[in-house]
2 protein chains.
Amino acid sequence: MTAAPHPILNPVRKSHVEGDYHDHEVNLAHRNHGFLLEGLRHDVTPAGMHYLLIHFDVPFVPAPDAWTLSVGGLVETPLSLKLADLAALPQITTRVTLECAGNGRSLARPRWPSQPWHVEAVGTAEWTGTPLRHVLGRAGIKRNAQEVVFTGADRGFDAGIEHDYGRSLPVAMALSDDILLVTAMNGQPLLPQHGAPLRLIVPGWYGMASVKWLTRIDVIDHAYQGFQQVGTYIFKQVEGEAGVPVTTIRVKSLLVPPGIPDWYSRRRLVERGTVPLFGRAWSGAGVPITKVEVGIDGRFSPAELDSPAGKFAWRGWRFDWSAEPGEYELSCRATDANGDVQPLGQRFDRAGFGNNTVHRVPVTVR
Amino acid sequence: MTAAPHPILNPVRKSHVEGDYHDHEVNLAHRNHGFLLEGLRHDVTPAGMHYLLIHFDVPFVPAPDAWTLSVGGLVETPLSLKLADLAALPQITTRVTLECAGNGRSLARPRWPSQPWHVEAVGTAEWTGTPLRHVLGRAGIKRNAQEVVFTGADRGFDAGIEHDYGRSLPVAMALSDDILLVTAMNGQPLLPQHGAPLRLIVPGWYGMASVKWLTRIDVIDHAYQGFQQVGTYIFKQVEGEAGVPVTTIRVKSLLVPPGIPDWYSRRRLVERGTVPLFGRAWSGAGVPITKVEVGIDGRFSPAELDSPAGKFAWRGWRFDWSAEPGEYELSCRATDANGDVQPLGQRFDRAGFGNNTVHRVPVTVR
């Protein structure tokens, strides 16, 4: 777009107090599906229960066989690959917990008007594909390369700026064994809304790095300046500061809300007696979970940990609660091998990124 | 529950003006996934893109083989059926468009605080299972039977009333060929959130009739008084009136929003020139769609209809729009073989049921 964008494509985001944000946020919440907390029971999140964060529209791909991945920029041999070419490369399957960087945004005050996640932007899938390094190896990265840029087929506006969705990784990281070009999820072909027919998976990082509907890989000799890299996904306390890029997932845990809910408020009723509590915990960058504690009205006791389920997968935990009639607030708090612990108070970020405050579930026991 | 429910399990639903409804509605919108409008391109909605309306929690079913469907009440032979018993009965596959009765709720004024659908509570799937009449035939319905009640494994509160989710159908309707007990969706085993391992499908009716996680079928000699039958899903203009039960889907249509969106507002930018518009239209009770019109700023012209895709499935339509730069409101309006037409103004219902007002999409053409 040569001229300044039309104001409707760069809407002022009104604050909670000013008021008209509600319809926008409800539309985003309906489009970008949340994980259902009772789905924590499943080691691998069933299709359709995994969170979604789709910045623009899901591209319509009537003929996946015609899909082309272009590899260019600072490479010895530019490539144009079909899915069949990728299928001929070594395939691996990895269980990965992905979380949206904005998860927890709506728990923070003041709220930033955007995707209004409370705690539900998470999911764990088994992704099948080829390590990216096989493709980069075939192309041959030149010596002056600094970053690898990934571009999706999805295009739109954010903050008035028109762009294809794109993100970059440092070259060294792009060459690690962990980064995958995937074509299948949970043993089935990728679903359209999860990036079919081809996406990137960056285990251990928040989801924005795992570019969907991947069409281009470009090797560059500078720091990528795309909107999704420098215009958002930056931790900031106040407007105007340089901030720190959002990268790896922070330690976090969730619990399956026990008992039965009220339809509208989702408040819970639990029967007195021994209540088996269960949940999952995870951290980023492959750092293991070492401890989960369960809080009953803020008094924490250690939970029992299940066996680890993979370097990048969440870990189950369980705790038997002896529940007497009354009102309670249940919570859970995870610690990882770096010694990082979920905060009890809010972890403030201006745009609501990286909020790993403990999960709280109020219940009534009868 | 013998005593009156705790007030937190019967929350006052504050109005839009009074204010605290937002977090409740956002939670519901994240849980109950909306259809993505660009998914209208698919004849059959891909897994995970179909709308969900889950009143309570998705039951966790670790061993589907142990699932039992009990058939009792006014039958000659009470039955206890496993999935294998149902699989031995004749199987059919039917393409069915389902819509939530509350779709369009948030377009009406005043808004009723509940699941805040705008237009996205719809989807079309291919359901595989056995016609219910085979099971009822094996059980043998007694002469004084009036209704057949379907009960799910999901339990919770609504308006302070604790209940298992349940709905009924008249006996004559339950015996029609169209009503199915299904175990598969789009050629795959049912997903947990769509009612696995067993659900009812009532084609042509709003989704509340298609009971998920089906555990019991009871034949009774009176009108079922369960909460989901008499406490909600009733058309009312004002509180206190008897109202009319919500049953068959009203004629409706949607269009794929053209161009590219702004992330936050979802407003659209479209390139000038010939813009192919595309969408789907459907009605209830197997009534065919006979006409779709496309409105450009309220001036309607007929669209071209695709071939019908089944008695209970939506029908595609297309229209080429010659777009000049400017601001426009696109809309679509369907008519069915009964002569029912979507209203241009709002169709008011106190709780927001059955709102089939035309779909409107504002766009900017450059």
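Quick caveat: nothing in here was measured; it's all calculated off a predicted structure. Just so it is clear: chains get the letters A, B, ... in the order the sequence lines come, proteins before strands, and each one is counted from 1.
Of the options A:Asp57, A:Asp158, A:Asp23, a salt bridge (Lys or Arg N to Asp or Glu O under 4.0 Å) to B:Arg266 is made by A:Asp57 and by none of the others.
Counting heavy atoms from C-beta on, the side chains of A:Pro192 and B:His42 come closer than 4.5 Å.
Residue B:Leu52 holds its CG atom at 8.5 Å from CE of A:Met49, rounded to the nearest 0.5 Å. Interatomic distance, CZ of A:Phe278 versus CZ of B:Phe60, reported as 8.0 Å (0.5 Å rounding). Once rounded to the nearest 0.5 Å, the distance linking CH2 of B:Trp263 with CG of A:Leu53 reads 5.0 Å. Distance CZ/A:Phe56 to CZ/B:Arg268: 11.0 Å, rounded to 0.5 Å.
Proximity to chain B involves both the backbone and the side chain of A:Asn32, based on heavy atoms less than 4.5 angstrom apart. For A:Gln193, the parts lying near chain B are the backbone and the side chain together; criterion is any non-hydrogen pair under 4.5 Å. Heavy atoms closer than 4.5 Å to chain B are found in the side chain of A:Leu191, but not in its backbone. For B:Leu107, no part lies under 4.5 angstrom from a heavy atom of chain A.
Looking only at heavy-atom pairs under 4.5 Å with chain B, the residue among A:Ala47, A:Ala121, A:Pro257 that has the most is A:Ala47.
Across all their heavy atoms, B:Ile260 and A:Phe157 have their closest contact at CD1-CE1, 3.8 Å. Closest of all the heavy-atom pairs between A:Glu162 and B:Leu269 is OE1-CD2, 4.4 Å. Here the closest heavy-atom approach between residue A:Val58 and residue B:Glu38 is recorded as N-OE2, 2.7 Å.
Ring geometry for A:His33 against B:His33 counts as parallel: the plane angle stays under 30°, on a 0 to 90° scale with 60° as the upper cut. Classification of the B:His30-A:Trp117 ring pair by plane angle, with boundaries at 30° and 60°, yields parallel.
Taking the side chain to side chain contact (heavy atoms under 4.5 Å, CB included) definition, one finds that A:Val275 meets it with A:Pro258, A:Val270, A:Leu277, A:Trp321, A:Ala323, sequence neighbours left out.
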